[in-house]
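The structure under discussion appears below in the form of C-alpha cells.
Every heavy atom of this structure was used, including side-chain atoms; hydrogens, water molecules and symmetry mates were not. Because the structure is a prediction, the values reported are computed rather than measured.
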Amino acid sequence: MASQRKLGRTADQRKALLRNQVTNLIWYGRIETTEAKAKEVRRIADRMITLAIKECDNTVATTKETHNDKGQSMTIDVVNDAPSKLHARRLMMAYLYDVQEQKNSDETKKEYKERTKDNKHPVVEKLFREIGPKYKARNAEKNCNGGYTRIYKLGPRRGDAAEMVVLELV
C-alpha cells in the first residue's frame, strides 16, 4: 500500500518535484499547481512548519574563549542551537533546496555580499526566524495546532482539464 500519491512519475522525479514545490511554498508563500500535487506538498510543508514551531526558540547561550591575533585571550558570548534544534535544522537542510536571496535593485554587489554572508541556507533560516514564531503565536492565540496551509481551487486547466489550485501559507 502506497503512503503517498505517485503523481505519474518515478520515485526520484517525484521526490525532486515535491522538494522543489515545498521549497518554493516556504520561500514565496504560495504556489499554483494541480490538486493532487498540492495535497502532497501540503503534508510535507505542514511537517516542516511543525518542526520549526517546536524548535524555533530552542537555543543555548554559552561563552567562548578565543585568542586574537595579538595572542590575547578573549571571551565571547555566543548563542548556539540546542541539540534538538540542530537536528531539526539538519533534517530541513537535507530535504529543502537552497534558494539564494535576490539582490535588490538599489543595492551594490558589496552590500549584497555583506547582507548575505552569514546566511548560507535562507529557506531554513526563514522557517526558524519568521514562519516558526509566527505560527507559534497563532497556535497559542487560537489554542489549536496544524492547518498552516490553505488550498483555493481555480478550476480545470485548459490543456488536460487537471484541477488547478493555489496552495498558500495561512
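Contact annotation: the side chain of Val60 approaches that of Thr62 to within less than 4.5 Å [non-hydrogen atoms, C-beta and beyond]. Under the 4.5 Å side-chain criterion, counting only non-hydrogen atoms from C-beta, Arg30 is not in contact with Leu169. Side-chain contact between Met164 and Pro156 is absent, with no heavy atoms from C-beta onward closer than 4.5 Å.
The backbone N or O of Lys85 lies less than 3.5 Å from no partner atom in the side chain of Asp81, so there is not a single donor-acceptor pair. The main-chain N or O of Glu101 is found under 3.5 Å from a side-chain atom of Tyr112 such that the two form a donor-acceptor pair.
A salt bridge links Arg43 with Glu40: the distance from a Lys NZ or Arg NE/NH1/NH2 to an Asp or Glu carboxylate oxygen falls below 4.0 Å. Using a 4.0 Å cut-off between a side-chain N of Lys or Arg and a carboxylate O of Asp or Glu, Glu107 and Arg115 qualify as a salt bridge. Between Glu125 and Arg89 a salt bridge is recorded (basic side-chain N to carboxylate O distance below 4.0 Å). Residues Lys39 and Glu35 are paired through a salt bridge, judged by an N-O separation under 4.0 Å between the basic side chain and the carboxylate. Between Asp12 and Lys15 there is no salt bridge, since no side-chain N of the basic residue sits under 4.0 Å from a carboxylate O of the acidic one.
Residues Leu96 and Tyr28 fall within the same hydrophobic cluster, defined by Ile, Leu, Val, Met, Phe, Trp and Tyr side chains chained together at heavy-atom separations under 4.5 Å. Hydrophobic cluster membership differs between Ile151 and Val166, with clusters built from Ile, Leu, Val, Met, Phe, Trp and Tyr side chains linked at under 4.5 angstrom.
With Gln21 as the partner, the side chain to side chain contact (heavy atoms under 4.5 Å, CB included) test is satisfied by one option alone out of Val41, Leu167, Ile26: Val41.
For Lys113, the NZ atom is loosely surrounded, since the number of other residues' heavy atoms within 6.0 Å does not exceed 12.
One finds the OG1 atom of Thr63 at 6.5 Å from the CG atom of Asp77 (value rounded to the nearest 0.5 Å).
A donor atom on one side chain and an acceptor atom on the other are not found under 3.5 Å apart for Glu168 and Thr149.
Under the ring-ring contact (aromatic ring centres under 6.0 Å, His included) criterion, the residue pairs touching residues 126-170 are Tyr135-Tyr148, with sequence neighbours excluded.
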